[in-house]
Amino acid sequence: MYALADCDNFFVSCERVFEPSLRLKPVLVLSNNDGCVIARSNEVKALGIKMGSPYFQIKDIVDRYNIRIFSSNFILYGDMSNRIIMTLHKFCNSVEKYSIDEAFLNLKDLNILDYNEFAQSIHKQCKKNVGLPISVGIAKTKTLAKLASRLCKYYPALNGSCVLKKTENIKTVLTKTKIEDIWGIGRKHTMMLHSFGIYSAYDFYIKDPTWIKKRMGITGLSTQNELKGIECIAFETSPAAKQQISVTRTFAAEIDNLEDLKEQTSLYVDKACSKLRAQHSLCTQVMVFILTNPFKQNTPCLYDAKKILFPVPTNSSLEINKNVADTVKEMFRPGVRYKRAGISLSHFVNDKNIQLDLFDKIDRNKHTNLMKTIDEINIKTGKNAIGIASESLKGFKMNRNHLSKHFTTDWNDIIELHC
DNA sequence: TCTGGGGTCCTAGGACCC
DNA sequence: TCTGGGGTCCTAGGACCC
């Protein structure tokens, strides 16, 4: 059996922990740049505000219903997420952190007599330890556990936990679940399935597997099997090293000069490379792209992307930044107003097996030592104390007008109690 | 005026080999 | 008229997730 513990309206709930008066009030969290809605309280959902709605389009409703707005505070959310994971570890050794707000637990080695009780105690402990509401679903496969935890959000009477075990119960639930609400069924497949008269998860459940394989490939077939209680999606205890590390940003204001653009991409390189080094990888490919505002009416979006190949695998911020800066210069078109840029590192190898180049001009040891020292200082200070000289000192060009404090990670922001 | 960011896996098709 | 067969590796793009 697997459990899925999924925090309810995670980002909103994190903000409410430090401002409890917002508990039954409408609250939403915006993406970077205060651009789009990325988390909604139940009250906001009830007002019909959709996930991903651009903020400027819903400002009227926000004002009318006095909705409280927050800019995204990922430092806070990341730390709250770690606290949840720590609590889950008290119940089970096998915890797979699936995303910032949810984790799977592999229950196979536990001797659980009453799954309902077990799920309830996780729910209660998370609330007590971290202050966050969490929905715990338990079932034979990950896909069914997902479904079980989802039920908690629709049926408050379940009080945050649900066990789906008996086939008859599963079939009843599937009949009442829309196919698009199943984990792994996205927009395109929903449209395709609808066109064949498949609307409920149960319609999908009883469909001929050969038909599903033909139209939806192996992943569609896996989803069907998982609904039948046949495990197809493996449990991963230790997180695999990333195969790709990207940093991309939309600018608050358009950038029309090369220097500002390079200052931004230097920041991306710095951020991406420290992640790369943290997982002990080197990369041999970096993709760089710049583009104009794709939403602008009557002006086509200009997009340029270029791939940089490194014959000797590297994780040196300096080496990568030099190449990225040169590439940005090549792609930059004077007079064009850029709105977004990004880089993506890929094709990784372990930093212990480097294939050297006979004609290498770079002193690799020097770079490695320098990077190691920079990382150590930045980890020790907890801030980006040292970076690349070409970086913008002002950081990302980003709007964040409704940012809460870093309550749990910065002494200056520690919560104050007034008695 | 104003529209996020970071990932994974699968598959078809091209390029190449003999 | 008529042009094989079997394989691997890589990549771009699609679909999905949060």
Side-chain angles (χ1 to χ4, degrees), chain A residues 4 6-11 28-39 49-60 62 69-74 77-78 81 96-104 142-143 146 149-150 179-193 213-223 226 232-234 236 239-254 268 271-272 275-276 279 284-285 287 289 291-297 301 305 307 309 337 339-348 396-401:
Chain A
L4 175 71
D6 188 330
C7 295
D8 304 342
N9 313 332
F10 182 59
F11 300 160
L28 60 79
V29 176
L30 298 170
S31 63
N32 279 344
N33 263 327
D34 294 343
C36 299
V37 175
I38 56 168
I49 293 179
K50 296 266 181 308
M51 190 71 161
S53 307
Y55 177 42
F56 74 92
Q57 286 178 3
I58 56 158
K59 259 183 182 151
D60 284 354
V62 167
I69 303 292
F70 285 96
S71 301
S72 37
N73 185 347
F74 286 109
Y77 310 150
S81 171
E96 177 191 343
K97 183 169 180 173
Y98 177 69
S99 74
I100 193 162
D101 71 334
E102 62 191 299
F104 288 103
K142 283 181 164 182
T143 306
K146 270 271 198 189
S149 91
R150 192 175 174 278
I179 184 61
E180 58 267 41
D181 294 332
I182 295 295
W183 187 44
I185 308 290
R187 241 180 45 233
K188 287 292 168 76
H189 282 150
T190 298
M191 277 161 58
M192 186 278 291
L193 291 167
K213 169 84 189 341
K214 198 177 144 201
R215 292 204 156 65
M216 302 170 70
I218 192 77
T219 37
L221 188 59
S222 297
T223 298
E226 285 252 321
C232 294
I233 304 173
E236 323 261 355
K242 301 233 179 304
Q243 299 177 35
Q244 181 188 325
I245 294 172
S246 320
V247 178
T248 71
R249 287 292 180 277
T250 299
F251 313 132
E254 290 168 331
Y268 305 164
K271 205 171 157 83
K275 281 189 190 174
L276 184 66
Q279 69 161 33
T284 58
Q285 191 175 303
M287 181 74 110
F289 69 84
L291 69 154
T292 59
N293 190 345
F295 295 103
K296 226 176 212 175
Q297 300 288 319
C301 174
K307 204 158 59 179
L309 301 175
R337 304 171 68 81
K339 182 65 178 166
R340 203 156 86 85
I343 64 157
S344 179
L345 317 181
S346 61
H347 297 71
F348 298 161
F396 295 116
K397 281 181 183 276
M398 205 155 67
N399 288 326
R400 302 169 101 186
N401 298 324

Using a heavy-atom cut-off of 4.0 Å across all strands, would you classify [X] as base, sugar-phosphate, or nothing?
| X | answer |
| --- | --- |
| A:K271 | nothing |
| A:K296 | nothing |
| A:Y55 | nothing |
| A:N32 | sugar-phosphate |
| A:N399 | nothing |
| A:K97 | nothing |
| A:I245 | sugar-phosphate |
| A:L30 | nothing |

Discussion item. Quick check: on DNA chain B, is the nucleotide nearest A:K59 upstream (toward 5') of the one nearest A:Q244, or the reverse? Name the residue that is more 5'.
Written reply: A:K59
Response to the item:
Per nearest nucleotide of DNA chain B, the residue lying toward the 5' end, A:E254 or A:M216, is A:E254
Practice prompt. Please work out which of the three classes, parallel, tilted or perpendicular, describes the rings of A:W183 and A:F104, given edges at 30° and 60°.
Written response: tilted
Practice prompt. Might you point out which heavy atoms bring A:I245 and A:F348 nearest each other, and give the distance in Å?
Written response: N-CZ, 3.8 Å
Response to the item:
Note: A:I100 and A:K97 closest approach over all heavy atoms is CA-CE, 4.2 Å
Fill in: 4.5 Å side-chain heavy-atom contact, A:T248 and A:Y268
no
Worksheet entry | A:Q244 (side chain) donor-acceptor with A:S346 (main chain) under 3.5 angstrom | no
Worksheet item: Are there more than 12 heavy atoms of other residues, nucleotides or ligands under 6.0 Å from atom NZ of A:K339?
Response: yes
Practice prompt. Given ring-ring contact (aromatic ring centres under 6.0 Å, His included), test A:F11 with A:F74 step by step and report yes or no.
Written response: CA-CA 9 Å; A:F11 300 160; A:F74 286 109; 5.5 Å; yes
Worksheet item: Which nucleotide of DNA chain C is the first, and which the last, in the 5' to 3' direction, to come under 4.0 Å of a heavy atom belonging to chain A?
Response: C:dT11 to C:dC18
Discussion item. Suppose you measure atom P in B:dT3 against the same atom in C:dC18; what distance do you get, rounded to whole Å?
Written reply: 25 Å
